[in-house]
**Student:** 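Attaching a single structure in structure tokens format; questions to follow.
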2 protein chains.
Amino acid sequence: EGAVVTSVTLDEHQAKITFFNVPDKPGIAAQIFGELGKENINVDIIVQNVSKQDHTDLSFTVASSDMEHALEISKRQGEELKAANVICDDNICKITIIGLGMANHPGVAARMFKVLAEEGINIEMISTSEIRVSCVIRKNQGKKALKSIHNEFFK
Amino acid sequence: EGAVVTSVTLDEHQAKITFFNVPDKPGIAAQIFGELGKENINVDIIVQNVSKQDHTDLSFTVASSDMEHALEISKRQGEELKAANVICDDNICKITIIGLGMANHPGVAARMFKVLAEEGINIEMISTSEIRVSCVIRKNQGKKALKSIHNEFFK
Ligand SMILES: C[C@@H](O)[C@H](N)C(=O)O
Ligand SMILES: C[C@@H](O)[C@H](N)C(=O)O
């Protein structure tokens with residue numbers, strides 16, 4: 001079969017911050033993450049999708065313990081960049097499957113998404129690489145998601 | 001210092017497909033990627049940011065040689081899901097830094113973004129994990145991005 005999912009992990013100590021409607025032009029990401037970096041905020045995942053009408057949303061996650069600090073910096077940046085809004089949400093968790101050879105095995109991510117769908121769990125953010133698929137979901141669905149995905153790949 | 005960027009890679013043979021405005025409810029991602037998986041389309045990165053008014057955009061990349069096939073499947077799914085639009089774009093490339101310990105070294109991603117900003121290169125999509133930061137940019141800026149990022153981290 002080829003693709004091997006080697007582990008499923010759940011991180012319940014994450015918070016997300018979203019900049020809504022930032023200008024999609026060079027320098028914006030550098031400014032936001034430069035400021036966060038200067039203040040030593042560890043950023044976990046960063047997600048940015050394509051722009052519409054020259055603006056896009058930029059989200060990232062941090063440890064929940066860093067949320068207040070990250071939000072304070074982000075709100076300041078948001079004003080400077082004239083973002084429509086900057087919100088935070090620590091009622092999330094991140095569920096991740098890690099595997100080998102996933103890039104060449106279409107359907108591995110789909111299997112994870114299907115398990116979540118069957119549990120009625122909404123996928124709020126997706127970020128992937130060749131070796132991992134991460135989904136941000138509601139915090140109170142984390143344990144259920146972990147159990148179901150574990151059963152799917154390791155039963 | 002701690003975080004070590006071990007390589008920079010450029011993939012100029014990628015195409016992106018975006019579903020604009022799909023319902024943000026369970027089952028959507030499973031349906032889209034289930035269909036792509038059934039037809040053996042290898043999906044590289046998947047990016048989905050948070051929803052607005054119960055809808056969100058879903059983008060993914062494939063090898064440029066798979067774009068036509070992926071688009072055909074996607075357009076069909078898009079109609080079924082009543083997406084506002086499904087577009088493809090093979091005028092992109094993906095630039096990635098891979099490293100160790102990046103999650104605990106804020107500022108590594110910011111350095112990459114800063115290099116791109118200084119070259120006037122717009123970052124169109126971002127997807128990250130603990131060990132990598134990938135940016136989708138215009139195809140004709142790939143080589144310049146690779147050179148500049150390589151100099152930044154390996155000079
Ligand atoms: C939105 C942000 O990524 C912007 N496009 C930049 O290049 O910095
Ligand atoms: C948009 C898509 O990810 C949807 N929220 C789902 O769970 O399938």
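Labels below follow one simple rule: chain letters A, B, ... track the order of the sequence lines, proteins then strands, and each chain is numbered from 1. FYI, side chains are in, hydrogens and waters are out, and symmetry mates aren't considered; it's all heavy atoms of this structure. Since this is a predicted model, take the numbers as computed values, not measurements.
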**Student:** Counting heavy-atom pairs closer than 4.5 Å to chain B, which one of Leu58(A), Asp24(A), Asp44(A) comes out on top?
**Tutor:** Asp24(A)
**Student:** Determine whether more than 12 heavy atoms belonging to other residues, nucleotides or ligands lie under 6.0 Å from atom NE2 of His69(B).
**Tutor:** yes
**Student:** Same cluster or not: Ile92(B) versus Ile137(B), using hydrophobic residues (I, L, V, M, F, W, Y) connected whenever any side-chain heavy atoms lie under 4.5 Å apart?
**Tutor:** no
**Student:** Do Leu10(A) and Val133(A) sit in the same hydrophobic cluster, where Ile, Leu, Val, Met, Phe, Trp and Tyr count as joined when their side-chain heavy atoms come under 4.5 Å apart?
**Tutor:** yes
**Student:** Does Lys114(A) NZ have over 12 foreign heavy atoms under 6.0 Å away?
**Tutor:** no
**Student:** Taking the side chain as everything from C-beta on, heavy atoms only, tell me whether Val47(A) gets closer than 4.5 Å to Ile126(B).
**Tutor:** no
**Student:** Measure Phe20(B) against the heavy atoms of chain A and call it side chain, backbone, both or neither at under 4.5 Å.
**Tutor:** side chain
**Student:** Count the heavy-atom pairs under 4.5 Å between each of Ile41(A), Val50(A), Ile123(A) and chain B, then report the option with the highest count.
**Tutor:** Val50(A)
**Student:** Ignoring hydrogens and angles, tell me if any N or O in the side chain of Asn49(A) forms a donor-acceptor pair with the backbone of Gln48(B) under 3.5 Å.
**Tutor:** no
**Student:** Using a 6.0 Å cut-off, check whether atom NE2 of His13(A) has over 12 heavy atoms from anything other than its own residue.
**Tutor:** no
**Student:** Below 4.5 Å from any heavy atom of chain A, which atoms of Ala109(B) appear? Answer side chain, backbone, both or neither.
**Tutor:** side chain
**Student:** Shared ILVMFWY cluster between Leu36(A) and Met125(A), side chains joined below 4.5 angstrom?
**Tutor:** no
**Student:** Please examine the side chains of Ile131(B) and Ile131(A), heavy atoms only from C-beta on, and report whether any two atoms are closer than 4.5 Å.
**Tutor:** yes
**Student:** Against chain A, label Lys38(B) side chain, backbone, both or neither, depending on which of its atoms sit under 4.5 Å from a heavy atom there.
**Tutor:** neither
**Student:** Rounded to the nearest 0.5 Å, how far apart are OG of Ser51(B) and CG of Asn122(A)?
**Tutor:** 7.0 Å
**Student:** Most heavy-atom pairs under 4.5 angstrom with chain A, which of Val43(B), Asp57(B), Ile32(B), Ile45(B)?
**Tutor:** Asp57(B)
**Student:** With the 4.5 Å side-chain cut-off for hydrophobic clustering, are Phe154(A) and Val4(A) part of the same group?
**Tutor:** no
**Student:** Using heavy-atom distances under 4.5 Å, tell me whether Ile28(B) contacts chain A through its side chain, its backbone, both, or neither.
**Tutor:** neither
**Student:** Going from OG on Ser127(A) to CD1 on Ile46(B), what distance comes out if it is rounded to the nearest 0.5 angstrom?
**Tutor:** 9.5 Å
**Student:** Please answer: with hydrophobic residues joined when any side-chain heavy atoms are less than 4.5 Å apart, are Ile98(B) and Val108(B) in the same cluster?
**Tutor:** no
**Student:** Find the one option among Ala117(A), Gly107(A), Ser134(A) whose heavy-atom pairs under 4.5 Å with chain B are most numerous.
**Tutor:** Ala117(A)
**Student:** Using heavy-atom distances under 4.5 Å, tell me whether Ser59(B) contacts chain A through its side chain, its backbone, both, or neither.
**Tutor:** both
**Student:** Using 0.5 Å steps for rounding, measure from the CG atom of Asn42(B) to the CE atom of Met102(A).
**Tutor:** 12.0 Å
**Student:** Would you say CD of Glu39(B) has more than 12 non-hydrogen atoms from neighbouring residues, nucleotides or ligands within 6.0 angstrom?
**Tutor:** yes
**Student:** I'd like to know which of Ala30(B), Gly120(B), Gly27(B) tops the heavy-atom pair count under 4.5 Å against chain A.
**Tutor:** Ala30(B)
